[in-house]
Number of protein chains: 2
Amino acid sequence: MMLDNLRGMAVFASVVGHGSFSGAARQLGITTSAVSQQIRSLEKDLGVVLLHRSTRKLSLTEAGASFYESAKDVVTAADQGRIKVNQLRDELAGSLRIATTPELGVNHILPALSTWMSAHDDLSIYFLADNHYIDMIDERADIAIRMSPQIKDSSVATYPLAEVKQMLVASPHYLRQHEKITKPKDLANHQLISIDLMKDPNTLDFSSIETGKKNRVKITSRIQTNNVFLATTLAKEGHGLVRVMSLDVQKELASGELVEVIPEYSLPHFVLYAVTLDREQQPAKITRCLEVLKKHFHAAA
Amino acid sequence: MMLDNLRGMAVFASVVGHGSFSGAARQLGITTSAVSQQIRSLEKDLGVVLLHRSTRKLSLTEAGASFYESAKDVVTAADQGRIKVNQLRDELAGSLRIATTPELGVNHILPALSTWMSAHDDLSIYFLADNHYIDMIDERADIAIRMSPQIKDSSVATYPLAEVKQMLVASPHYLRQHEKITKPKDLANHQLISIDLMKDPNTLDFSSIETGKKNRVKITSRIQTNNVFLATTLAKEGHGLVRVMSLDVQKELASGELVEVIPEYSLPHFVLYAVTLDREQQPAKITRCLEVLKKHFHAAA
DNA sequence: TACCATTACGTTAACCGTAAATATG
DNA sequence: CATATTTACGGTTAACGTAATGGTA
């Protein structure tokens, strides 16, 4: 494969298409001098005369006529490529792959994107819902939703969507039935339903909102699960306390099915991030999706 | 139509084809640095990321995958074009158009090329046999055979094939029946069969071979034609003298059907030329054909 | 560590425009 | 004479290589 004179081929195609050097020059936005030089260089390179020229008319040689077919193809393919890329860049079409956990997906991402998705039905959205870590490149994910204290991976671009409180919640019924909790120490006598998706599921690092004093409490769990929905359901039914992200229990808190335990002490905050592989040069569908997500979570906050 | 970054497209195609920048660099004979810069420039130009790269593997974006299809087409078309031109340049194939007069064609060009033609049956030869002047460009003639004292057209390349004597011939029978001819003046009492393809068909400019002295003689013609073959046939049948090119009566002179009249005086020489539109960068079939013609006529001389 | 991609920077060469010359109808 | 192509020349910029840097297995 050669890199030589691709430019010359495009110039040649234009010359033949227009039937004149000056016509081609006008189209290409260069001078006839440049056109002439390109053609000369091309002919020298190919070792063959492509077109006989008098000042008034051009005539293709046999080699020129044959070469023109390919030169046309080169230009056509190049134009095609640019057109297709422009469409993918500017239009909300093609595919958009979003990686998230099933819980976040169902409870927040899907609600956030629902109306936007139905407004753009040329866009096919694929939700990669999985609890274990996925490689964005391998899975060709355009956007990943991640929750963590901070993102360490420097090779990705991060867009914070929401600050997420961790909180300890329980059903009002459970709290009535059990010993009152006014400080972290009181938790020793309570049931913690642990979700082992989090690390150190049984360690709670409280800080007093008033004094900022830190308090580490370890609790044993009789009930464990790897599913947030299951855990909150258990809590609603009065089986114990559960540590959850505020986002995951917004409804339950609003309806009073669950209430926060010792709100005077806070657990470490998490940040919900959207992550992309690149910060710039993104197709419109990606940047627009990020905007929709940001707007949704900022409105909710 | 754009001229931008065609080179970058070819580089991109090579990168994707190889799955690595360094592989592409090796194939293209440039450094990975150059490859990286080309891809970057292309991405910036397109406003979109084409491939995600970690140092160990590459992964196409959606836009990149789409663009690759076209980039491949660009390279394929460019290669195709070069291949076809190389074939037309180096192989004796395709078409070869030779312009000549019917007489020269039948009597000399065809015999000169006959064996060469049958040795290359991929070559289709077209004889443009016509007595009036033809425009080589309009008729797409690769080679024209022309006979004249000299070629004035400076835009063509000329290859002298043979110096052609004009001579006055007659049948031995005619000469026996008529008054003897020893000097130009004696022609006044003879019949000249004139061929009006030549200009001044009735004017004969003799020069004495011995003294170089010039002698202009005008003769009236009772018999005229525009066809050399017809004229020589008439001469063979004893109808008169005829002024012909030596080339046109070689056989008859050898067999004794015709003999030269007053060989002590010569008529102006002509030169048989092959003419092409360009001197350099000619396809092999043209240069080879010229070689065959030159060899043929030089051997005959 | 070994291989790969990126980046900054200086160099080279391709590319182009101006302008004058040449050719054509 | 008007229009079109060629060519020489000089300037601009794109393209490249070197070498140093950062990542990844």
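Lettering follows sequence order; numbering is per chain, from 1. Predicted, not measured: the structure shown is a model, and the values here were computed from it.
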Closest to side chain of [X], choosing from [options]:
X	options	result
A:Thr32	D:dC16, D:dA8, D:dT5	D:dT5
B:Thr31	C:dC16, D:dT18, D:dT7	D:dT18
A:Ala34	D:dT5, D:dG17, C:dG17	C:dG17

Roughly, in whole Å, what's the span from [atom1] in [X] to [atom2] in [N]?
X	N	atom1	atom2	value
B:Leu58	C:dT6	CG	C1'	13 Å
B:Leu51	C:dC4	CG	P	16 Å
B:His52	C:dT6	NE2	C1'	17 Å
A:Lys57	C:dG25	NZ	P	6 Å
A:Leu3	D:dA14	CG	P	18 Å
A:Asp4	C:dA14	CG	C1'	12 Å
B:Glu280	D:dT6	CD	P	16 Å
A:Arg53	D:dT5	CZ	P	10 Å

>> So does B:Arg82 get a backbone contact from the side chain of B:Asn86, meaning a donor-acceptor N/O pair under 3.5 Å?
In response: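 Answer holds: yes.
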> Counting distance only, does the side-chain N/O of B:Arg146 pair as donor-acceptor with the main-chain N or O of B:Ala144 below 3.5 Å?
Replying inline: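 Between the backbone of B:Ala144 and the side chain of B:Arg146 there is no qualifying donor-acceptor contact (under 3.5 Å).
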> Pairs in or reaching into residues 85-101 of chain B: which pass salt bridge (charged side-chain N to carboxylate O under 4.0 Å, His left out), with residues at least two apart or in two chains?
Replying inline: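 The answer is none; no pair qualifies.
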>> Once ring pair (Phe, Tyr, Trp, His ring centres under 6.0 Å) is applied, do any residues pair with A:Phe21, and if so which ones, sequence neighbours excluded?
In response: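 Counting only residues at least two positions away or on another chain, A:Phe21 forms no ring pair (Phe, Tyr, Trp, His ring centres under 6.0 Å).
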> Got a sec? Which of residues 15-23 of chain B come in under 4.0 Å of DNA chain C, heavy atoms?
Replying inline: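 Within residues 15-23 of chain B, the residues near DNA chain C are B:Ser20, B:Phe21, B:Ser22.
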> Side chains of B:Ser33 and B:Gln37: donor-acceptor distance under 3.5 Å anywhere?
Replying inline: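 A donor-acceptor contact under 3.5 Å links the two side chains.
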>> Go through it in stages, so that I can follow the logic: the residues are A:Thr276 and A:Asp142, the test is side-chain contact (heavy atoms from CB on, under 4.5 Å), and I'd like the CA-CA distance, side-chain angles, deciding distance and then a yes or no.
In response: CA-CA 6 Å; A:Thr276 62; A:Asp142 297 302; over 6 Å; no
>> Nearest 0.5 angstrom please: A:Arg7 CZ to B:Leu6 CG, how far?
In response: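 Output value for this atom pair is 8.0 Å.
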> Taking the inter-plane angle between the rings of A:Phe67 and A:Phe12 on a 0 to 90° scale, is it parallel (under 30°), tilted (30 to 60°) or perpendicular (over 60°)?
Replying inline: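 Ring orientation of A:Phe67 relative to A:Phe12: tilted.
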>> Run the side-chain contact (heavy atoms from CB on, under 4.5 Å) test on B:Leu88 and B:Lys285 for me, step by step, so that the C-alpha distance in whole Å, both residues' side-chain angles and the decisive distance to 0.1 Å come before the verdict.
In response: CA-CA 8 Å; B:Leu88 285 175; B:Lys285 58 192 172 197; 4.2 Å; yes
>> Quick check on contacts: within residues 35-47 of chain A, what sits under 4.0 Å from DNA chain D by heavy-atom distance?
In response: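 Heavy-atom cutoff 4.0 Å gives A:Ser36, A:Arg40.
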>> Counting only heavy atoms and a strict 4.0 angstrom limit, can you tell me which residues of residues 136-144 of chain B come near DNA chain D?
In response: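 Residues of residues 136-144 of chain B under 4.0 Å from DNA chain D: none.
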> Step by step, would you call A:Asp278 with B:His52 a side-chain contact (heavy atoms from CB on, under 4.5 Å)?
Replying inline: CA-CA 8 Å; A:Asp278 297 276; B:His52 297 299; 2.8 Å; yes
> Can you list the steps and then say if A:Leu293 with A:Leu113 is a side-chain contact (heavy atoms from CB on, under 4.5 Å)?
Replying inline: CA-CA 7 Å; A:Leu293 287 173; A:Leu113 297 179; 3.8 Å; yes
> What heavy-atom pair brings A:Leu50 and A:Glu43 nearest, and what distance separates the two atoms?
Replying inline: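 Closest approach of A:Leu50 to A:Glu43: N-OE2, 2.8 Å.
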> Which atom pair, heavy atoms only, marks the closest approach of A:Met9 to A:Ala71?
Replying inline: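 Here A:Met9 and A:Ala71 meet closest at O-CB, 3.6 Å.
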> Does a side-chain N or O from B:Arg7 land closer than 4.0 Å to OP1 or OP2 of C:dC15, or not?
Replying inline: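 False: B:Arg7 side-chain N/O out of range (4.0 Å or more) of C:dC15 OP1/OP2.
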> Is B:Glu69 salt-bridged to B:Lys72, cutoff N-O under 4.0 Å?
Replying inline: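 Salt bridge: yes.
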>> How bent is the helix from C:dT1-D:dA25 to C:dG25-D:dC1, measuring the angle between the end axes built from five pairs each, rounded to 10°?
In response: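 Between the axes fitted at each end of the helix from C:dT1-D:dA25 to C:dG25-D:dC1 lies an angle of 40°.
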